[in-house]
Amino acid sequence: MGKVTSLVMLAGDPPFVVARGGFSGLLPDSSFAAYSLAMILGVPDVIVWCDVQLTKDAIGICFPDIKLQNASNIGDVYQNKDKVYLVNGAPTRGWFPIDYTFNDLANVILTQGVYSRTNKFDGNLYTILTAEDMFTQVKPPGLWLNIQHDAFYTQHNLSMRSYILSVSRRVVVSYISSPEVGFLGSIAARFNPNITKLVFRFLKQTEIEPTTNQTYGTLLGNLTFIKTFASGILVPKDYIWPVDASQYLLPHTSLVADAHKEGLEVFASDFSNDVPYSFNFSYDPLAEYLHFIDNGDFSVDGVLSDFPITPSAARDCFSHIGRNASNQVDLKVISKNGASGDFPSCTNLAYQQAILDGADVIDCPVQMSKDGTPFCFSSINLIDSTTASQSSYSNYAMTIPEIMEASGIFAFNLTWDEIQTLTLLLFTWHAIISNPFTRYRLFRNPKFKNAGTFLKLSDFLTLAKNSITLNGVLVSIENAAYLAEKQGLGVTDAVMKALKDGGYDNQTDLKVMIQSTNSSVLMKFKDNNKYEIVYKIEELIRDASNASVEDIKKFADSVVIDKESVLPLNAAFLTKLTDVVAKLQAFKLPVYVELFSNEFISQAWDFFSDATVEINSFVFGTGINGVITGFPETAARYRSKLAVSYNIFFLVSFSNIASKPSIHLPFGLLKYDSCENRCLRKDLPTTPNYMSPVQPGSLIQLVTPQYLPPAEAPNPIFTVSDIVEPPLPPVTDKTPSSSGGGSATPPTPSRNGQPRLVGCIFLSSMAMLLAALLLYVHSSSLMYFGNHKFLRGDPPLVVARGGFSGLLPDSSLEAYTLAVMLSVPDVMVWCDVQLTKDAIGICFPDVKLQNASNIAEVYKGKDNAYLVNGIPTQGRFPIDYTFKDLANVSLTQGVYSRTNKFDGNVYAILTVEDVFTQVKPPGLWLNIQHDAFYAQHNLSMRSYILSVSKSVVVSYISSPEVNFLRGIAARFNPKITKLVFRFQQQTETEPTTNQTYGSLLGNLTFIKTFASGILVPKDYIWPIDASQYLLPRTSLVTDAHKEGLEVFASDFSNDVPYSFNFSYDPLAEYLHFIDNGDFSVDGVLSDFPITPSAAIDCFSHLGRNASNQVDLKVISKNGASGDFPSCTNLAYQQAISDGADVIDSAISNPFTDYKLFRNPKFRNSGNFLKLSDFLALAKNSTTLSGVLISIENAAYLAEKQGLGVTDAVMTALKDGGYDNQTDLKVMIQSTNSSVLMKFKDNDKYEIVYKIEESIRDASNATVEDIKKFADSVVVNKVSVFPVNAAFITGLTDVVAKLQAFKLPVYVELFSNEFISQAWDFFSDATMEINSFVSGTGISGVITDFPKTASRYRKNRCSSKDLKTTPNYMSPVQPGSLIQLVTAQDLQPAEAPNPILTESDIAEPPLSPVAEKAPSSPGGGSAAAPTPPPNGQPKLAACIFLSSLAMLLALLLF
């Protein structure tokens, strides 16, 4: 693909999409919901626009107008409080922000300010946001602040300059715009244009700029002056493409080129899908955007839009395609009366334009003329689309109640000669563009409203036959019975004759489609098997009975239905998706849907006033086979640019607009020429949100009850009685019409109405869906791999073995789907291919089916014994079963240490083709483990692979058998499919060469002759000793790269620890293979793809000195007690090195029952410390921020042992100089409130109350009591996320409650061992920490592995500069995973944890320290009095790191 040369922009990047007030075309401008929706449906680098207004107390708010009543309910809240001020010199009445503090506006609600848009969302109580609120809550990729009225605020002693300078210290601002020269000039020196660009905003050319007193039109001629204080200009779009008085485009100006020469970026404003600009765009907003970014001469650098979804699609999906692009969707585009949206219906111009646009349709009466000539016209009533009623033929008007209630001039009243004569008199009798939306003042191409001539059916057929692009014609016949019986006109015979005379019976180039609502008409054509018979269902239906569809099958080949029969409406909102399309298609009946129009008023609100979004939702979301439209260019452009990727998990849903999965298109894709669209191609990992179908019924859920329209009666079900028609009557001699009087009453027509004959020409579907080529890269643009030494130019691949097989059954649809959802965008899904008895390739992890399925229950006693790799093996093998035999076999979890709670679901065995077509993975890796075994049983894996690769795009094929790979090497292009040799254990023998894999490792040159890469167990790269500690790395990666071989490492699994060096932290293990300073593997094979995804994109190449991105205290537990004995010098030193401090003695490990030992080499190492030594060690650290000392059992020690622990701590702190310093914060922790009261008077200490119990809530009175003696609180994990059978069941209010009382909350205990975590965290300690921090907002973590938590704080995926949080770094949804467990596998519900009450925290005052009684002589030891139930005395000191940055990672998920 070559680089695009026509994309002439200043910045070199694709044009920016700037969302004005968020998605203000649908939701209230500047509301959180509007900004959130813009983020969901915009390109990943979407910039959100905030019109800044200043309140009375100088708070900057986002609001679209200086008059608050224009988009809020302030007039209701503060009635009669409007005032008059001078705004730009003009007296203006309204409610102004300068009269209200921000607090005054707390009860003011944002509303839809454009009255032509729906107000149905106004009941949602959208509050006014400050600029800071918007930035911190929405986390936009870019922020644009517009300052429209600096002079006005200055007049009222409010400084916009001061505010902007202040807010920019707290908020990253990408652009600042203003129409006032003075304002921009005053701040220009204070901003670095590499971070924040200043943009001068031009208003209408005749308006006066207040600083220079020149018109904006005059300033346009002095761009050199503008460049002295601005980096860009923002102009109304008519500055670039002006229009004449009739709203037709004039030639473009030179503004963009002139500004670019001056080094100024150019942004165009005033884009809105529901405000038409020029008739040249035919009400298609996408065409309008393309005119500004893809016109062959220039591109603007960005567009300001109320509907950011449309410019997002225009930029990433439709720009620089070319008219000759191949079709990517099997979709028939059937036009309605030709291009009737642009030219008068059924005229030569309409048909010619339809052919140019990519489709042809006809619906002409070619009704029947009085003398029996079939001709093309849109209605039997000539008044509908002509000025016939003003002509000399007005006396032909008559009423036929059976046809229509009003009077009409009918086609059969005039001869063809009369019609022909009148068509030449354009001002007496002329065609007019058929337009159902004139009452909305939406006129169609008025310059050509009287243009064109009508055609006979024969002329129409000739025109179609002369086209080289058309695929067929559609002829629609209506009212044949009435015309035959009452008018003596045989329309069916006339059509047959015209088709025969036109040579259509003796050719195959053009498909003939015959359409009617009358089954008897269609039966007349059924015998001609060259014709496609199309039955049109006129009624709106919600379903069709099986019997009715079976009846339709008897006479028709396809069906036409109305849009509302697919997606019914209520008050212009979609309510649901019917089963009509699915039902008809199940009976092998293609479904064509009508009528698609470009005018936004014809579309449901759900489609965002964008015809392309509507078409996409019908095609992509419902699977229809064709569209019928008066604007064929829109549908044909859609069709030629999209390769559909059906993915039910990424339907655009509005039920939770605070959700934003990371599914975006890479920006760099625009840099390349292509003949197909870049958005829905198969090679993309997922469909971008801006090209995903809407979720029917989701938008109406945002409408509050008081705004909901009444429910409408459901459409009927289509039945057999709706189809039945009497046979067509014979054609009779026409009865002479009555004379005089002006109106003759013809015989009553039959019930099926007026006669119509419609011919339609359609384009065929073109190419098959394109092959997946992995052009899609990380949407988060976090490519920090400058130090990597690996063969691929891209970041390491994540290969998901059997999908997300660490949690769900290997190779199940659900496992594959979850892997795609929670991994990097270019994730590869791995399929272990097995062959069935009938040579069907299935994805299954083992050659023995019983290892991961319930086949032993389905086929009891059916196991066999075969030689596998020369070893007799007993089991159930796929070679003994056809694929149909396996239909009732369900996949199960094959690793017994993993949860089997999901096995109650039915997971069908998938074919390779199933995985490819249903999952739509970004890349597919096929592993062929047992070619020799299948060959012994007369099944050819080679033949299968060569066959399947013709229908499935395979990225990698691996095998441990040399012969297999050599046998297929010549058949695959390594640029599309790479072959990988898979090494087994080094002592195993490879069957072809009879050498061990260890021996083959020394002959990589030989491997290179048939493979592009190698897949090796990870111990080939980082071997371990007998004690499971790492040995020095091998040179394998470097050696393989020298040979030009990619290196992939296998056997990664979060729940299978590899080396003690990694401290049970799987993320640390991945980083060792991709970020070790010497090399990186080219990919990793993992059962838990979420973890390597995070390792690659979020944690690699951070460096130890990376700044924190999250405001989180890391408080270690007994030092780094996960690595060294608790509370020893080694534990503390390691904790400091790791970023935190913890204490207690001997390695504390609650998981020895699971054989998960902690760093056994050092289990007896280190020395215990006195408190004074501990304090000295802490004070000598340069990185710590404080110490935590925990005191328990003080009362017992004082009263029974004569030991004053509180006094001892105070003395140690004083002697250690902690009372006279501020560098280290002292935290005193206890479960005893009386202990904490002893320290309360020292305001230098942070008093920490530890709640030992697991609780579900705390009463307000209890929290108020805690506030009297504590500054912060420690709770356990279960008090935040309660669990049942290791599944999270919900999220409590404990953290929110305590924080509402200004009490920071620290949570314990976080451990790396996967057994300590709920299943929801995917056996990954980092995922657990992330969910607690970004999902619940806790203030700190207490952990015996401080390195893991400290590293988490630095991850780049939590940076405020990131456009969105990737799915693999988003918090889990509490209680969602347990919902996948079937009822029979659910554990009994556990009793809820108690509520913490005042009685739980009440403690008696501490006793004075008693003199210790002498110990009894002899015997060795005296029995001490029984201690109270709270256990042995403990003294714990912990060192923690301070909080640094604010929490940045919580984006929309």
Side-chain angles (χ1 to χ4, degrees), residues 801-802 805 809-812 830-886 888-898 900 903 907 909-912 926-945 957-965 967 981-998 1000 1015-1017 1050-1051 1053 1056 1085 1087:
R801 195 188 67 79
S805 56
D810 192 307
S811 305
S812 64
W830 166 288
C831 165
D832 279 295
V833 182
Q834 316 295 341
L835 290 180
T836 61
K837 186 176 183 178
D838 49 349
I840 302 296
I842 61 173
C843 293
F844 196 89
D846 199 303
V847 75
K848 294 179 292 182
L849 297 178
Q850 74 272 19
N851 284 359
S853 79
N854 68 344
I855 193 168
E857 299 171 11
V858 178
Y859 295 105
K860 296 180 178 179
K862 297 290 185 179
D863 52 335
N864 287 321
Y866 294 110
L867 285 177
V868 180
N869 296 336
I871 301 172
T873 306
Q874 187 91 15
R876 289 164 175 80
F877 294 83
I879 60 173
D880 294 321
Y881 304 89
T882 66
F883 182 63
K884 187 175 181 181
D885 294 335
L886 300 177
N888 294 323
V889 175
S890 182
L891 296 167
T892 59
Q893 179 54 260
V895 179
Y896 299 125
S897 61
R898 295 170 181 168
N900 66 351
D903 287 358
Y907 301 105
I909 294 175
L910 302 176
T911 67
V912 173
L926 300 183
N927 181 57
I928 313 303
Q929 197 72 10
H930 297 289
D931 172 60
F933 169 78
Y934 289 106
Q936 294 166 14
H937 297 277
N938 300 316
L939 288 168
S940 172
M941 188 65 80
R942 179 181 184 275
S943 298
Y944 172 75
I945 288 296
I957 299 173
S958 61
S959 176
E961 300 181 18
V962 169
N963 251 8
F964 174 75
L965 292 177
F981 182 61
R982 185 179 191 185
F983 282 82
Q984 306 294 88
Q985 296 300 316
Q986 296 198 34
T987 56
E988 291 186 40
T989 300
E990 193 282 321
T992 307
T993 63
N994 205 33
Q995 297 182 47
T996 65
Y997 287 97
L1000 286 171
L1015 173 65
V1016 297
S1050 65
D1051 302 342
S1053 188
V1056 181
L1085 177 62
D1087 293 9

Working to the nearest 0.5 Å, report the span between [atom1] of [X] and [atom2] of [Y].
X	Y	atom1	atom2	value
Asn854	Leu891	CG	CG	8.5 Å
Leu926	Ser958	CG	OG	8.0 Å
Leu835	Ile879	CG	CD1	10.0 Å
Ile909	Leu886	CD1	CG	4.5 Å

Please identify each residue that fulfils side chain to side chain contact (heavy atoms under 4.5 Å, CB included) with Lys837, with sequence neighbours left out. Thr882
By side chain to side chain contact (heavy atoms under 4.5 Å, CB included), which residues pair with Ser940, not counting sequence neighbours? Arg942, Ser943
Ring centres of His937 and Tyr866 under 6.0 Å apart? yes
Got a sec, which pairs hit disulfide (SG to SG under 2.5 Å) with one end in residues 831-867, sequence neighbours left out? Cys831-Cys843
Are any of the side-chain heavy atoms of Leu939 and Tyr944 separated by less than 4.5 Å? no
Who passes side-chain hydrogen bond (donor to acceptor under 3.5 Å, both in side chains) against [X], sequence neighbours left out?
X	answer
Asp838	Thr836
Asp832	Trp830, Asn927
Glu990	Thr992, Thr993
Gln834	Tyr934

For residues 857-865, please give each side-chain donor-acceptor pair under 3.5 Å, one per line with the distance, not counting sequence neighbours.
| residue | atom | partner | partner atom | Å |
| --- | --- | --- | --- | --- |
| Tyr859 | OH | Asp885 | O | 2.5 |
| Asp863 | OD2 | Gln874 | NE2 | 3.1 |
| Asn864 | ND2 | Asp880 | OD2 | 2.9 |

By salt bridge (Lys or Arg N to Asp or Glu O under 4.0 Å), Asp810 pairs with (sequence neighbours left out) Arg801
Residues forming a salt bridge (Lys or Arg N to Asp or Glu O under 4.0 Å) with Arg898, sequence neighbours excluded: Asp1055, Asp1087
Show your reasoning for whether side chain to side chain contact (heavy atoms under 4.5 Å, CB included) applies to Val912 and Ile842. CA-CA 6 Å; Val912 173; Ile842 61 173; over 6 Å; no
Can you run down the ring pair (Phe, Tyr, Trp, His ring centres under 6.0 Å) pairs that involve residues 835-854, sequence neighbours left out, and say none if there aren't any? none
Check whether any side-chain N or O of [X] sits under 3.5 Å from a backbone N or O of [Y] as a donor-acceptor pair, and report yes or no.
X	Y	answer
Ser812	Pro809	yes
Ser1050	Val1016	yes
Ser811	Gly802	no

One pair to check against side chain to side chain contact (heavy atoms under 4.5 Å, CB included): Phe933 and Asn869. What are the steps and the verdict? CA-CA 7 Å; Phe933 169 78; Asn869 296 336; 5.9 Å; no
Please assess Asn963 against Asp931 for the test side chain to side chain contact (heavy atoms under 4.5 Å, CB included), listing each intermediate value before the final yes or no. CA-CA 9 Å; Asn963 251 8; Asp931 172 60; 5.7 Å; no
Least distance between heavy atoms, Tyr997 atom then Pro960 atom: OH-O, 2.7 Å
Tabulate below the donor-acceptor pairs under 3.5 Å that side-chain atoms of residues 981-989 make, not counting sequence neighbours, or state none.
| residue | atom | partner | partner atom | Å |
| --- | --- | --- | --- | --- |
| Arg982 | NH1 | Gln929 | OE1 | 3.0 |
| Gln984 | OE1 | Gln929 | NE2 | 3.4 |

Give the C-alpha distance, both sets of side-chain angles, the deciding distance and a yes or no for side chain to side chain contact (heavy atoms under 4.5 Å, CB included) between Leu1085 and Asp1051. CA-CA 6 Å; Leu1085 177 62; Asp1051 302 342; 6.0 Å; no
